[in-house]
Amino acid sequence: MNLTNGYQRNAVVLAMVGFALTTEPALGQPAALAQPNLGADTFAQIQKQIKPQPGESRWMEVPWFLDLHEARQKAAAEGKPLFIYSSGGATGIGAC
Amino acid sequence: MQENFVAVSLSVLEYDRTDAVGQFLRDSGITIRKLEGCLWCVTPGGKILESNLVVEKGKTSFKREIDLKAALDKWRALPEAERMPGAVKVGAPGAIDRRYAVLTPPPGTLILKVYYRAFMREENKLRYLTEDDLWYDENGDKTEAKLVNKRITTPQAHPDHMWLAETEWKSLMRANPRVGDTFPLPAGIADRLVRRHLNPRYVYDGHSDGLAKDSVRAAELSVTVEAVSAEKIRLRLNGHAKLGKQPAPAVLAGKIASMNQWGYEPTLLGFMEYDPRKQVFTRFDVVALGDQFGKVGLDIGAARPGCQPLGITFELVTGNRPADRVPPGSASTARPYFDSPR
């Protein structure tokens, strides 16, 4: 596995931790498809269609910490183990 | 996951931190490796419960799965002194090794959540991609299903962040604004917006250093004051950009997918609202939408036939959630962000 792109890393880590990966057909079409003409009247609809759809990328719903020490403090206080994910030279949960 | 674990995402560079974070990783025996998905379940005290690391014939690698149930079983079998809330004391972090710590937004930074999404145009509407839309070569082989685990990641919204330094976002508010005032988007913001955040390669083939200046054939961005009151000043952003190459005639006609060239010509529209009493932006919505040609998938190099829409949104977030503080492009330690791309 040679994942050099955050996009694929995220998808794979999602699968690793047992989330249902949303590809198609789960990425269904919204009820109203936007016209590809950006204007004040289509702005909100296009913006909504670009953003993640409900259930599309469940890994984004995880309240990830970026600071291991802070995560350790929270885990210790709440009595939970840590789940650590690392990939590549950058933080794993964003773009490359 | 959320119920049973505290999830943390690390840069591989953090292993070399000389502070408490690096010490914890090394003392715990955690291995993290560049370009591999490394997963570890570990107690707050540093005891490893489970990982996806495997050793076969003397070689180590990271398998695809981690057994979270086994990790939880091991966790629950631990003595209470290692797992009860408050039983393990984690002190102050001490001095932070900034050389390898993940970049954090400087004080006053305005954070915009960014999403990219490639669409297909169908009957003059935007629809989401399917695997059949993605070509592996310019003539129509459709093989993005060969991607890792046959999962088609390209259709998904791809996240990122844009940061505006305090001096930058304050430069958007002119003294005594009047309805109808129009001015160019300040150059520093415009340059970074266009060359870093409108760069389709930034997302889809890991090109995260920003576009070279000669990749910008045109860019024009202006701000107009739309409304002024004691409570709110509303601004509108208008603009367009022409990036990369112009499509070849066969690409323009939708007959082939461009595998070796790329181009993107978005229109931009944005609505910003500023609270003059609190001196903060309360809304910062920008959308870029335009035709793109060239690869949109990594490794296997998938592309859509012809020129197809690529949309990008920018939206204000508070930064209160750690995940909203992921650096732009997931920049790790030393990558300069506020410097102009080369």
Side-chain angles (χ1 to χ4, degrees), chain A residues 1-9 11-13 15-18 21-24 27 29 33-36 38 43 46-47 49-52 56-57 60 62-66 68-69 71-96, chain B residues 1 5-13 20-21 32 34-35 37-44 49 64-66 75 83-85 88 90 93 102 115 117 121 124-128 130 148 151-153 155-158 160 203 206 208 267 269 287 289 298 309 311 313 322-323 326 329-330 332:
Chain A
M1 190 188 331
N2 180 14
L3 302 176
T4 56
N5 175 289
Y7 201 47
Q8 292 187 9
R9 283 200 314 267
V12 171
V13 74
M16 287 172 163
V17 299
L21 244 185
T22 304
T23 60
E24 40 71 44
L27 180 55
Q29 302 296 340
L33 300 178
Q35 293 185 356
L38 184 59
F43 183 89
I46 291 172
Q47 184 184 40
Q49 199 167 340
I50 294 171
K51 290 162 62 173
E56 177 186 341
S57 295
M60 293 187 201
V62 174
W64 293 99
F65 279 77
L66 303 180
L68 176 57
H69 197 82
R72 281 184 65 207
Q73 288 176 321
K74 182 176 176 66
E78 296 185 358
K80 293 180 180 178
L82 293 157
F83 174 80
I84 298 175
Y85 166 52
S86 172
S87 177
T91 302
I93 58 168
C96 218
Chain B
M1 166 65 74
F5 293 89
V6 173
V8 57
S9 176
L10 301 179
S11 157
V12 70
L13 301 178
V21 166
I32 52 179
K34 194 172 185 179
L35 302 182
C38 310
L39 304 171
W40 295 85
C41 294
V42 58
T43 70
L49 301 169
R64 295 183 48 79
E65 300 85 17
I66 185 168
W75 167 256
R83 63 179 172 84
M84 292 304 285
V88 175
V90 179
V102 170
Y115 290 105
R117 192 189 299 269
R121 183 185 292 103
N124 203 32
K125 298 286 177 69
L126 299 175
R127 71 161 173 81
Y128 292 133
T130 71
V148 178
R151 288 187 161 88
I152 311 302
T153 56
Q156 297 174 16
H158 186 111
D160 195 14
V203 177
S208 57
T267 296
L269 179 61
V287 169
L289 182 69
L298 188 71
T313 68
V326 173
S330 276
S332 48

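Quick note on labels: first sequence line is chain A, next is B, and so on, each numbered from 1. Just so we're clear, the structure is a prediction, and the values are computed from it rather than from any experiment.
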Inset, instruction - Write down the atom of B:Val21, the atom of A:His69, and the distance for their closest heavy-atom approach. - result: CG2-N, 3.8 Å

Inset, instruction - Would you confirm whether B:Gln156, through its side chain, and A:Ser57, through its main-chain N or O, come within 3.5 Å as a donor-acceptor pair? - result: no

Legend entry - From A:Gln49 atom CD to B:Tyr128 atom OH, the distance as rounded to the nearest 0.5 Å: 4.5 Å

Inset, instruction - Give the minimum heavy-atom separation between A:Leu38 and B:Val287, together with the two atoms involved. - result: CD2-O, 3.4 Å

Legend entry - Nearest heavy-atom neighbours spanning B:Pro44 and A:Pro81: CD-CA, 4.5 Å

Legend entry - Pick from B:Thr43, B:Val42, B:Val88 with the largest number of heavy-atom pairs that fall under 4.5 Å of chain A: B:Val42

Legend entry - Spacing of B:Cys38 atom SG and A:Tyr85 atom OH [to the nearest 0.5 Å]: 8.5 Å

Inset, instruction - Give the minimum heavy-atom separation between A:Val62 and B:Ala7, together with the two atoms involved. - result: CG1-CB, 3.6 Å

Inset, instruction - Can you sort out the partners of A:Phe43 under ring-ring contact (aromatic ring centres under 6.0 Å, His included), two or more places apart, ordered by chain and number? - result: B:Phe271

Legend entry - Residues that B:Arg83 engages under side-chain hydrogen bond (donor to acceptor under 3.5 Å, both in side chains), provided they are two or more places apart: none

Legend entry - Least distance between heavy atoms, A:Trp64 atom then B:Pro322 atom: O-CB, 3.3 Å

Inset, instruction - Go through the atoms of B:Trp40 and report whether side chain, backbone, both or neither lie under 4.5 Å from a heavy atom of chain A. - result: both

Legend entry - Spacing of CG belonging to B:Leu49 relative to CG belonging to A:Leu82, to within rounding of 0.5 Å: 9.0 Å

Legend entry - Smallest separation among heavy atoms of A:Glu56 and B:Ala157, with atom names: OE2-N, 2.8 Å

Inset, instruction - Against chain B, label A:Ala77 side chain, backbone, both or neither, depending on which of its atoms sit under 4.5 Å from a heavy atom there. - result: backbone

Inset, instruction - Please confirm whether the backbone N or O of A:Gln47 pairs with a side-chain atom of B:Tyr115, one donor and one acceptor, at under 3.5 Å? - result: no

